[in-house]
Amino acid sequence: MISRRDYQLGALILLAVCAAIAAWTLADGTPARIAAGIALALLIPCAAASRLPDLRGDSATGSQLATSAGLTVACLVLLGLFLTVTNLGLTARGAAVGALLIAVGFTLAGRRGTETSLPLRWSPAGLALTAIAAAIAVLAFAVARHDALESAQRETSYAAFVLQKGERLELGLHNATEHSARFTIHFSDDEADLRQIITVRKNRLRMVLAPRDDTDRPMKIRVTVRADGKLRGAPMMLSVAPLS
Amino acid sequence: MGLTRSGETPDRLVPKSRPNNLRWASLPVGLAAVALWTRRGREPTSGNDLPLNAAPAGPAPSRRPSIPLVPAVGVVLALMMLAQAAASIASRNGHPWADTVYWLSVNGMVLVVAAVQLFGSPKPKERLALVIALGLALYSVKLLAYPIGFTYFDELSHTQTAFDIFHSGHLFHYNSLQPVSPYYPGLELVTVTLARLSGLSLFVSGAVVIGVGRIMLSAALYALFVEASGSQRVAGVAAVVYMANPSFLYFDGGFSYESLALPLAVVALAMTLRWMRLPPSRQSLRLLIYTAVVVAALVVTHHLTSYLFAGLAFALCACVILAWGWGDASRKPPWQIAVFAAVAATAWFVGVASITFPYLHDVLQPAITGVANVITGGESARSAFSEAPTAATASPFWLKTTAFASVLLIVACLPFGAVLAWRRRTNPAALLLGAIAVVYLPIQALRLTGAGVETANRSSEFVFLGVGFVIALFLVHLLEHHSLPTIELGRFRPRLALPEGSAAHRIGLPVAAMVAVAILFTGGVTVFWPPYARLPGPYLVGGDVRSVTPKGLAAVHWMRAHLGPEHRVLTDRTTGQLAGAFGYQYNVEGYVDQYSVARVFVTPTLDPVDRKILRRKNVEYLIVDRRLASALPARGWYFAANEINENTYKRPIALRSLTKFTRLPGVSVIYDDGTIQIYDIRGLNLS
């Protein structure tokens, strides 16, 4: 008969294989890919390492958790070192195979160890309070992150730039706000003075060709922005040196 | 360009294609794994196979319903985190109450766990869980303040190394921000591996890795202190006191190589202590191999920490031999681990990272020389809190007082705690930690010099291993015996005992213990971290973390996207960090002859010396942040610590000096967002 410990051994290996397949095949940004990656890199090897009989010790002292996590991180460092100094390179496939080998290695090394069990006894009240604590923590991060992103959005409002591409001069106008904006551009060199008005929609970058008849003359470009009928920010001053 | 539509910094490029045909295989494999895990199977018969937490034999005790301790404390910690988030938002938006909420919530986190550890009777695993929960809650303080990207000075340096590894898949690319970083890539290797596997950004992956390190550190500290004291209560209190060290809250939570090296070192120390107790056997050999694996990773992660670990391992050998002399021969000296650590660190230094020597020399030599000069009278001692050139960047009086009080408190408690550690001297761990605590006093001498302050602050994460231990011994002794431990100094024997049942005993001691913990923690944060860097806020000139703004990020991202990487750029300190970390540009710094490169921005006109600087340094682009002209720099300099005026700016740099390049023939202003301009000076005549 197969013991529960052996079933857990098999389950760990299968979980690691599942996570490796998911980490290699799923698209970035999907919750399943994120979960698989974290599980493969950290959680499964740590759980497997905690079964090593030599590390078991007294789980109440923190030694088991610390050493299993430490071994996992250490193996990831050495795996990364191996991949980067060889021709393999630290690619997704190399990382997946390597992490899988670490997880399976720990699992097989701990085959004479004990079962893995949750460190604390759980009660409905404990689960409920833990869920509440987790929800509050997630709320805290969500709120902080939202405010930081909004603040960043407000600050990076408008920008202008020029790119000399051979004899062509391209002018870029960036509107990072949530409203359309009107860019007024004054082109001036020693002989001519031109004005152009360009509307750039929200969250858009627009490229225009700057009028430049004579590349031997320097050119100054002054850009001002209006949105909702009001002047926004300081004028943006660009200049282009002669090509020769 | 620059920020994404959502405002988040794009910090990675990802491959588009994935093998699709294997994707569906993961589902049945996962289901099979779950089925196996839940299958009960045959119950094991040998004692070694007993599941963890097996219930003891005998009748089941009656259990009264009660609130589970750890989840309840978890709710309190989570509420403190929510308050921290509110403080961060308020600070970013200029509300004056942000600082009050910040201090209340961060002290609330520490005090609630300290109170349970000191006065409660939690089970050992609950004590451990609370230590880990506090470690994570304190880590969240840094993340809640800056939740969308790395902002610390050192973080930006290591971000560049991580980007290089991520994009090339290989090591040892030159890092202009911190040349030694690529040679100790442990942190970046784990981060990039996690990013490759999970698809998370480098920022989130790095934050997860540091979080895992924080869990490792908290658990390993607890294990270390249990080993040294034999008491779960002392271990819990010691871990909390350790977290009051000046670098724990912010610096050790940053994306920097030491933040992962420290947990690895403490884990290796805990494993070493465990190995010392094992008789020679195959189990001992296996544990030795596991320890060697952790030490090998430590050597690749951080230089000083690996050297210190080797030193501590040798010190443990000495402690074991002393213990033998005192009649306790139950442990064996960890010669093998010490020698392996020393040989591995030396081999890495000699074979790979010889650049470490000039790097450490430039950091440590001024500190040591400075202290020697102060002692011999060749240099006047530095005044505490003297690096605040403006009132806005100075700590308020109550914080400075608390900082002094925390140092005095430690100095006052050290003798008593050291006596208690001495009584445990046959335990090598206790002897070692006691010796480390004694080093606290001479380390503070480094604070007498400007060059030594940084070293003193950074050393606290090691010295507090001993300080936390002895203070915890003292606090627990005080609460259990209501008297000071007996110290005999010749005929002088200071005694203090509180009458049983007195108000001082019932109320005074617990309150004093809580106040002491609050002073230690608050003072520790104040000693290291400047007030303007604790919470986010508007742009601050020369304010490092407060000078990292979305405008700067947008400008450097534009450079990378439209000009390409690896151009030589001259700019101010923080913009240079951003240009290197996110723009993949080469940040020019240093000197030409005796002239700092910063001179180029400060002179009213571009004179021959400035042209020489630009020519010799092959500068291609200048990035000018016009906000530099709006105020004096928070840290006293705009570009580097030894720039031309050396902390003696009386007025901000003139705007005309910063923007003089627009009037020069051959210079193009190619980017302007109303604040930051980028100049192309490749056409400038520098002869």
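All chains are named by letter (A, B, ...) in the order of the sequence lines, taking the proteins before the strands, and each is independently numbered beginning at 1. Basis for what follows: all heavy atoms, side chains included, without hydrogens, waters or symmetry-related copies.
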Stepwise side-chain contact (heavy atoms from CB on, under 4.5 Å) check, A:Leu90 with B:Leu189: CA-CA 9 Å; A:Leu90 216 177; B:Leu189 287 171; 4.0 Å; yes

Taking only residues two or more places apart in sequence or in another chain, which ones pass ring-ring contact (aromatic ring centres under 6.0 Å, His included) with A:Phe141? none

Heavy-atom cut-off 4.5 Å, strictly under: side chain, backbone, both or neither for A:Leu81 against chain B? both

List in chain and number order the residues that pass side-chain contact (heavy atoms from CB on, under 4.5 Å) with A:Val162, two or more places apart in sequence or in another chain; answer none if no residue qualifies. A:Leu169, A:Leu171, A:Ile221, A:Leu238, A:Val240, B:Ile670

Counting C-beta onward and ignoring hydrogens, is there a side-chain heavy-atom pair between A:Met237 and B:Thr662 closer than 4.5 Å? no

Main-chain N/O of B:Tyr146 paired to A:Arg145 side chain as donor or acceptor, under 3.5 Å: no

Does the plane of the ring in B:His562 sit parallel, tilted or perpendicular to the ring in A:Phe161? Use 30° and 60° as the thresholds. tilted

Which portion of A:Ile38 sits near chain B, non-hydrogen atoms under 4.5 angstrom: both

Do A:Leu76 and B:Val209 have side chains that approach each other closer than 4.5 Å (heavy atoms only, starting at C-beta)? no

Under 4.5 Å to a heavy atom of chain B? For A:Thr67 that would be both

Measuring only between side-chain heavy atoms, which start at C-beta, is B:Arg274 closer than 4.5 Å to A:Ser63? yes

Check whether any side-chain heavy atom of B:Val667 sits under 4.5 Å from a side-chain heavy atom of A:Ser239, and report yes or no. no

